[in-house]
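Encoded as structure tokens, the structure appears first; notes follow it.
A note on names: the letters A, B, ... follow the listed sequences, proteins ahead of strands, and every chain is numbered from 1. Atoms considered below: every heavy atom in the structure, side chains included; atoms not considered: hydrogens, waters and symmetry mates. Note that the coordinates shown come from a computational prediction; the quantities given were computed from them, not determined experimentally.
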Amino acid sequence: MARVPRRILPGFRLTLGFTLSYLGVMVLIPLVACLVRVSSLTWPQFWGAVWTPRVRAAFLFSFEVSLSAAVISVLLGTLIAWVLVRYDFPFRRFFDSMVDLPFALPTAVAGLVYSSLYVESGWLGRFLVPLGINGAYSPLAVVLVLVFVGMPFVVRTVQPVLETFDGEMEEAAHLLGANRWQTFWRVLFPNMIPAAIAGFTLAFARALGEYGSVVFVSSNMPFKTEIAPVLIVSRLEEYAYPEASAIAAVLLGCSFATLVLINALDRWVRQNGT
Amino acid sequence: MSIALRNLGKRFGNFVALDNINLEIPTGELVALLGPSGSGKTTLLRIISGLETPDEGDVLYFGEDVTDQSARARNVGFVFQHYALFRHMTVFENVAFGLRVRRRKKDEIKKKVLELLKLVRLDSLEGRLPAQLSGGQRQRVALARALAIEPKVLLLDEPFGALDAKVRQELRQWLRRLHDEIHVTSVFVTHDQEEAFEVADRIVVMNQGKVEQIGSPQEIFEKPASQFVFDFLGNVNVFEGHISRGQASVGSFSVDYPHYTEDQTRPAMLYVRPHEFDIDKSSNGTSSFRAVVVRAHPVGSLARVRLVSLDFETPFDAEIHIERFMELSLKAGDTVYVAPKRVRVFTAESNVPDYSI
């Protein structure tokens, strides 16, 4: 009889079983159900559901705003993480906990607040709209709320990495003759890249799936400001379940492809860092 | 003089880190700053490098005042205790960094880096990342990186502190040999007296932000300038005795102590190193005290004897030659007469050794 190596920590089977059934029930089965529903469509039907000008426009808009929001999030989020880690200022801990607020706040609330602030009669809108900046019921409005929900992911992934910088690497660079810019660009920045990419991925994925806040701030005009999830809901309201599932499946495929792409990029950066 | 420090002072809040430091470091020497933690040695090194600015006083390099120059402009090599290598760069790129920011030509950089990697015996590992190296290898990379910019002075902050004992021992000897080869003026910080004695040309003993003594290892060992240096070097027996009427005594032992001639008895500490005792089975006329052997064992050409005095019950250690040890055939339980050959007396008023015979 082959000897089974004894494990030091007990409960391996139990925990593995729990993990797998959790992933199965919560993640895998719903995804499979989505695909099963799609499979009731024939190819021409599927094609007809996902390749209409309106659906294409919705996907394009979804990707545009998510990508813009993720780029803004990664820039602002990294900056915020930097400030929170590097400087000591009054109420730093308060601001630090504020970063988590979008995690806790129902996004519909955020959507409501944003739209009421940026409309022409709103507190901010009354100054911005005359300047031509329309922060409500416009693509800009969608990007704004997506930054709101996405940025905390960037802050919370970059922050721990910045905290591991103890200052000695910078001192070493300084002593070796690097100026501030060279120290940042050659020493700190390359060490932050993997975390920033991870934060970007999370913010982007979150933005792509966001629904609650966008419906409030977007005018949801087909061909203009309609995002893919909103389109799915409107298909559901028409009781066109298979069509809704078809769009959902494409969205799913796109998200998955994006994740794979970004992971590959991350691996490439780690291997070819400088 | 490579480095001269004049009246340096540094405070952190109420804590006086450095108090009026004056120090000169001759060109080409390897100098150790030795002291317990909190003695200000690392602060002093950081001030020399320019990473820290003094509250008062001047730092001079080759006669030029560099106090207001940034660390970047001083062109010093600095080695950190925890290496501070650039984690995302290969060994080659770490060493090349100082040359890259100076915009040297590619082939020049390559030649220089490979030469340095050879010097620190890492020429086959140029493509590794720091995480793939052992502690000793990382510290050698850090050293090569510091030397790449051809520094005027090399500063090392507890360079071997994070390494295990065997590697530390190897690197120590290696650093000494390296210094004999390249002769760059070097200052290193350590709290390990053995390290300082083994490696340095000159030792600066520091305590509570002050310099206690400066000297060659031999001078420091033979003539410790203060009670602190004595205690810090360790391996010394301290007897609580007293002084009166020109004599310092403990138990039945006494020596002349002409610095204090009054009748009133005052407490004093008598310091005797283990090798400074004569041991005999019978009293031979010189001033001595009686003690019982607790343990005795040969160590190479010496024998180490642990004793407890009969009069004042202080345990202490003595070292005698192996021949003498054989002659006496010492064993546990023997009663012997112990005569110190050399004694230093410290009193509460003075921190400086007043007398030794």
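Within a 6.0 Å radius of CZ in A/Phe256, other residues, nucleotides and ligands contribute 12 heavy atoms or fewer. Atom CZ of B/Arg102 is surrounded by more than 12 heavy atoms from other residues, nucleotides or ligands within 6.0 Å. For A/Phe89, the CZ atom sits in a packed shell: over 12 heavy atoms of surrounding residues, nucleotides or ligands are nearer than 6.0 Å. Summarising the local packing, CZ of A/Phe103 is surrounded by more than 12 heavy atoms from other residues, nucleotides or ligands at distances under 6.0 Å.
Under the salt bridge (Lys or Arg N to Asp or Glu O under 4.0 Å) criterion, B/Asp164 pairs with no residue, sequence neighbours left out.
Heavy atoms closer than 4.5 Å to chain B are found in both the backbone and the side chain of A/Thr164. Using a 4.5 Å cut-off between heavy atoms, B/Arg74 makes no contact with chain A at all. For chain A, the nearby part of B/Leu85 is the backbone; its heavy atoms alone come within less than 4.5 Å. Residue contact with chain A, scored on non-hydrogen atoms closer than 4.5 Å, involves the backbone and the side chain of B/Arg87 alike. For chain B, the nearby parts of A/Asn179 are the backbone and the side chain; heavy atoms of each come within less than 4.5 Å. Only the side chain of B/Phe80 comes within less than 4.5 Å of a heavy atom in chain A; its backbone stays farther off.
A/Leu252 CG to A/Leu35 CG: the interatomic distance, rounded to the nearest 0.5 Å, is 6.5 Å.
Near-neighbour residues of residues 150-161 of chain B relative to chain A, defined by a heavy atom under 4.5 Å from a heavy atom of that chain, are none.
Aromatic ring centres of A/Phe153 and A/Phe200 lie farther apart than the 6.0 Å criterion allows.
B/Arg168 contributes a side-chain N or O that, together with a main-chain N or O of B/Leu163, makes up a donor-acceptor pair within less than 3.5 Å.
Contact annotation: the side chain of B/Trp174 approaches that of B/Arg140 to within less than 4.5 Å [non-hydrogen atoms, C-beta and beyond].
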